[in-house]
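This report concerns only the one structure given below.
In listed order, ligands and their atoms are each counted from 1.
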Amino acid sequence: MKKVFIYFSLSGNGEVVAKQLEAKGYEIRRVFKKGQKANKKPGFFTIFRGGFRAGMNKKDKLEPYDTNIDGYDEIVIGSPIWNSKFSCPINRVLADLNLKDKKLSFIFYSGSGTAEKAVERVSKEYPDSKIIILKEPKKYEDELLKIIL
Ligand SMILES: Cc1cc2nc3c(=O)[nH]c(=O)nc-3n(C[C@H](O)[C@H](O)[C@H](O)COP(=O)(O)O)c2cc1C
């Protein structure tokens, strides 16, 4: 069984999730926005711009990453929630990868523990997939117990 967790993180919540999945035997692939460095608490401008762009379903440019998912039995996609939607880096990942015919799950991490518009999109575009929503797992470690795949 080959399984991979492909995720984006700006301030480290996704990274906590990745550690958990690594322990469960998932290969880990983190994608980075072009020019993105280490985990960083987003400032006002980043939140404003990211929220606006996510609201428009924009796709960010990414640093080169491995898009090959041939031969993987299970794919898990991790995204922070931006403006109730997928983050712009993960919009790019969803456009890059052909996720049809894969066992697919989504893990969202958000400030509120909700992800309404992202969930709506998943139900329309990936109706057979599983959704897990976590509230700030870096701060609330118990949230990681919700990861049952
Ligand atoms: C641009 C931006 C927009 C956000 N919008 C929302 C939102 O609509 N709802 C919410 O609950 N949290 C929102 N958040 C909070 C993040 O989803 C939350 O802190 C998440 O855990 C961050 O994950 P990360 O640390 O892996 O980047 C937003 C954060 C950013 C940077």
Is the closest N or O pair between [X] and ligand 1 shorter than 3.5 Å?
| X | value |
| --- | --- |
| Glu15 | no |
| Thr114 | no |
| Gly50 | no |
| Thr46 | no |
| Ile47 | no |

For this session: Can you pull out the closest protein heavy atom to atom 9 (N) of ligand 1? Residue, atom name and distance to 0.1 Å, please.
Result: Ile81 CG2, 3.9 Å
Exercise. Are more than 12 heavy atoms from other residues, nucleotides or ligands located less than 6.0 Å from atom CZ of Phe48?
Worked result: no
Exercise. Should the pair Arg53-Asp60 be classified as a salt bridge under the 4.0 Å nitrogen-to-oxygen rule?
Worked result: yes
Exercise. So, are Glu143 and Lys146 salt-bridged, with charged N and O less than 4.0 Å apart?
Worked result: yes
Problem set entry | Option whose closest heavy atom lies nearest to atom 7 (C) of ligand 1, chosen from Leu134, Asn83, Asn13, Ile133 | Asn83
For this session: Test the Arg29-Tyr72 pair against the cation-pi criterion, namely NZ or CZ under 6.0 angstrom from the six-membered ring centroid and within 45° of the ring axis.
Result: yes
Exercise. Are side-chain heavy atoms of Arg30 and Gln36 found at a separation under 4.5 Å?
Worked result: yes
Exercise. Which ligand 1 atoms are under 4.0 Å away from a heavy-atom of Ser112?
Worked result: 10 (C), 11 (O)
